[in-house]
K.L.:
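Before I ask anything, here is the structure I am working with.
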Protein chains: 2
Amino acid sequence: MPDLFTKLERAAWGGFIATQSRIFRLIEDDLRARFGLSHTEFEVLLRLYLSEQGRVRVQDLAARSLLSTSGTSRAIDRLARAGHVERQGAEEDGRGAYAVLTEAGRAHFEQAAEAHVALVRREFLSRFTPEELAQLGGFWERARPDAQPRTA
Amino acid sequence: MPDLFTKLERAAWGGFIATQSRIFRLIEDDLRARFGLSHTEFEVLLRLYLSEQGRVRVQDLAARSLLSTSGTSRAIDRLARAGHVERQGAEEDGRGAYAVLTEAGRAHFEQAAEAHVALVRREFLSRFTPEELAQLGGFWERARPDAQPRTA
DNA sequence: TCAAATTGCTTGCATGCGCACGCAAACACA
DNA sequence: TGTGTTTGCGTGCGCATGCAAGCAATTTGA
């Protein structure tokens with residue numbers, strides 16, 4: 001491994017890793033300290049917030065996140081204990097369950113989201129010009145699984 | 001949050017997140033399935049491999065990784081059980097302990113590292129031209145904590 | 001010189017996670 | 001309608017992790 005990557009590759013990949021781990025740690029710590037939320041819980045609240053009625057089926061939450069169904073179920077447990085969401089049986093399917101954002105949860109999330117965005121701007125986005133941001137966006141498009149490598 | 005980010009920001013930041021989580025998942029799964037290693041354990045082996053004598057003090061390992069001292073201690077436990085490393089008391093300090101790479105561990109790591117590099121190339125590096133890789137490297141420099149935001 | 005403070009590492013405990021499993025509801029289909 | 005299968009969710013279990021505490025070795029300082 002010491003020489004398996006070229007200098008160029010090391011700068012591109014190693015920097016990616018370093019940046020990612022640094023910023024994620026900051027986000028985790030900030031959300032936990034100021035809002036009592038894990039990144040996972042924040043993601044769940046985000047999905048609920050973006051949804052029409054502020055409610056989403058457990059399964060849909062799991063599918064959209066990186067969490068398993070059981071992990072999602074437990075995240076909802078924690079959020080429910082904190083009063084941010086409530087469980088609600090699905091009328092149209094007796095097996096199903098909704099997680100529903102409470103008013104308190106909505107307010108709490110809005111504050112957390114604002115802080116989150118500020119942190120991402122401060123630690124990441126603000127370092128680049130608009131042109132560079134667009135360029136980054138283009139890079140990520142090409143990093144997607146279905147995209148083709150340069151040398152096919 | 002729905003409109004807290006601009007389109008431009010969303011492309012740059014959201015793509016970063018998506019790329020990161022996708023590739024890390026691939027790496028984790030591959031290392032686990034083919035080499036029985038977690039990313040954490042791989043990191044520990046890497047540090048040992050890069051060291052002079054194939055041995056590093058527990059504390060130094062912890063400082064370089066994202067793991068706590070206790071987490072490092074347990075990672076060494078697992079690697080020792082698998083025969084990849086051995087513990088060795090420090091001659092110069094009776095409290096200290098080295099993790100030492102065994103020959104088997106070295107061979108195992110070399111294979112894992114090769115596979116790791118291949119995966120990173122296939123899923124990430126190969127998507128970019130050398131110029132773009134250099135550009136990415138430059139971006140990560142500016143994303144470092146000590147770097148200044150564009151608009152100071 | 002020797003007791004107090006510090007250091008290096010390990011261990012008990014609590015937490016979050018995924019996997020496998022269980023239960024109940026829904027569906028398929030004869 | 002009845003039975004076998006599938007689906008949606010929650011729960012038991014094992015594992016990895018961080019924090020706080022413990023233990024032994026070293027360093028400090030009067």
Side-chain angles (χ1 to χ4, degrees), chain A residues 21 24-33 35-45 47-48 51 55-82 84-100, chain B residues 21 24-33 35-45 47-48 51 55-82 84-100:
Chain A
S21 69
F24 274 46
R25 176 170 290 269
L26 284 177
I27 291 175
E28 287 276 351
D29 292 352
D30 192 59
L31 282 176
R32 172 62 65 199
F35 301 97
L37 295 173
S38 70
H39 206 169
T40 293
E41 289 150 14
F42 181 84
E43 273 282 323
V44 170
L45 290 182
R47 293 287 168 200
L48 293 174
S51 69
R55 61 176 218 168
V56 179
R57 288 284 292 268
V58 173
Q59 179 171 222
D60 294 341
L61 283 172
R64 296 276 185 160
S65 73
L66 296 176
L67 219 55
S68 66
T69 309
S70 64
T72 302
S73 181
R74 282 187 245 256
I76 294 171
D77 281 351
R78 295 192 295 275
L79 289 169
R81 267 199 298 278
H84 297 140
V85 308
E86 284 173 359
R87 284 182 198 274
Q88 195 177 80
E91 312 79 26
E92 73 279 14
D93 185 335
R95 297 165 299 181
Y98 284 95
V100 190
Chain B
S21 69
F24 274 46
R25 176 170 289 268
L26 283 177
I27 290 174
E28 286 276 351
D29 291 353
D30 193 59
L31 282 177
R32 173 61 66 202
F35 302 98
L37 296 172
S38 70
H39 206 167
T40 293
E41 289 150 13
F42 181 84
E43 274 281 323
V44 170
L45 290 182
R47 292 288 167 201
L48 292 175
S51 69
R55 61 175 218 168
V56 179
R57 287 285 292 270
V58 173
Q59 177 170 224
D60 295 339
L61 283 172
R64 297 276 185 159
S65 73
L66 298 176
L67 221 55
S68 66
T69 309
S70 65
T72 302
S73 182
R74 282 188 248 256
I76 294 171
D77 282 350
R78 295 192 296 274
L79 289 169
R81 266 199 298 280
H84 299 321
V85 308
E86 284 173 359
R87 284 182 198 275
Q88 195 176 82
E91 311 79 26
E92 74 279 14
D93 186 334
R95 296 164 300 181
Y98 284 96
V100 190

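In what follows, chains carry the letters A, B, and so on, assigned in the order in which the sequence lines appear, proteins first and then strands, with residues in each chain numbered from 1. The shown structure was predicted, so the numbers you read here are calculated from the model rather than taken from an experiment.
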K.L.:
Measure CZ/B:Arg32 against P/C:dC19 and give the value in whole Å, please.
P.N.:
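Atom CZ in B:Arg32 sits about 12 Å away from atom P in C:dC19.
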K.L.:
Over all strands shown, is A:Thr40 touching base, sugar-phosphate only, or nothing at heavy-atom distances under 4.0 angstrom?
P.N.:
sugar-phosphate
K.L.:
Taking the nucleotide of DNA chain D with the closest heavy atom to each, which residue, B:Glu92 or A:Gln59, is nearer the 5' end?
P.N.:
A:Gln59
K.L.:
Quick check: closest heavy atoms across B:Thr72 and B:Leu67, and the distance to 0.1 Å?
P.N.:
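Scanning both residues completely, I find the closest heavy atoms to be N-CD2, 3.5 Å.
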K.L.:
Reading DNA chain D in the 5' to 3' direction, which nucleotide is the first one with an atom under 4.0 Å from a heavy atom of chain B, and which is the last?
P.N.:
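Contacts span D:dA16 to D:dT26, reading 5' to 3'.
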K.L.:
Given atom CG of B:Asp93 and atom P of C:dT6, what is their separation to the nearest angstrom?
P.N.:
17 Å
K.L.:
Do any N or O atoms from the side chain of A:Ser73 and from the backbone of A:Thr69 form a donor-acceptor pair under 3.5 angstrom?
P.N.:
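It does not hold such a pair.
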K.L.:
Taking 4.0 Å as the cut-off, does a side-chain nitrogen or oxygen of A:Arg95 come that near to OP1 or OP2 on C:dC23?
P.N.:
no
K.L.:
C:dC9 phosphate, OP1 or OP2: any side-chain N/O from B:Arg57 under 4.0 angstrom?
P.N.:
yes
K.L.:
What's the shortest heavy-atom distance between A:Arg32 and A:Ser38, and which atoms?
P.N.:
NH2-CB, 3.4 Å
K.L.:
For A:Glu86, is the CD atom crowded, meaning more than 12 foreign heavy atoms sit under 6.0 Å from it?
P.N.:
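12 or below, so no.
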K.L.:
Between A:Arg55 (side chain only) and A:Arg87 (backbone N and O only), is there a donor and an acceptor less than 3.5 Å apart?
P.N.:
no
K.L.:
Find the distance between CZ (A:Phe42) and CD1 (A:Ile27) and round it off to the nearest 0.5 Å.
P.N.:
8.5 Å
K.L.:
Would you mind reading off the distance between A:Arg81 atom CZ and C:dT15 atom C1', rounded to a whole angstrom?
P.N.:
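Taking atom C1' of C:dT15 as the reference, CZ of A:Arg81 is at 11 Å.
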K.L.:
Within residues 65-80 of chain A, find the residues that approach DNA chain D with a heavy atom at under 4.0 Å, and present them sorted by residue number.
P.N.:
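Close to the strand are A:Ser70, A:Ser73, A:Arg74.
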K.L.:
Is the closest side-chain heavy-atom distance between A:Val85 and A:Leu48 below 4.5 Å?
P.N.:
yes
K.L.:
Rounded off to whole Å, could you give me the CZ-to-C1' distance for the B:Arg25 and C:dC17 pair?
P.N.:
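Atom CZ in B:Arg25 sits about 11 Å away from atom C1' in C:dC17.
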K.L.:
To the nearest 0.5 Å, tell me how far B:Arg47 CZ sits from B:Leu61 CG.
P.N.:
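Rounded to the nearest 0.5 Å, the CZ-CG separation comes out at 8.5 Å.
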K.L.:
Are B:Arg57 and B:Glu92 close enough for a salt bridge, meaning some N to O gap below 4.0 Å?
P.N.:
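So B:Arg57 pairs with B:Glu92 through a salt bridge.
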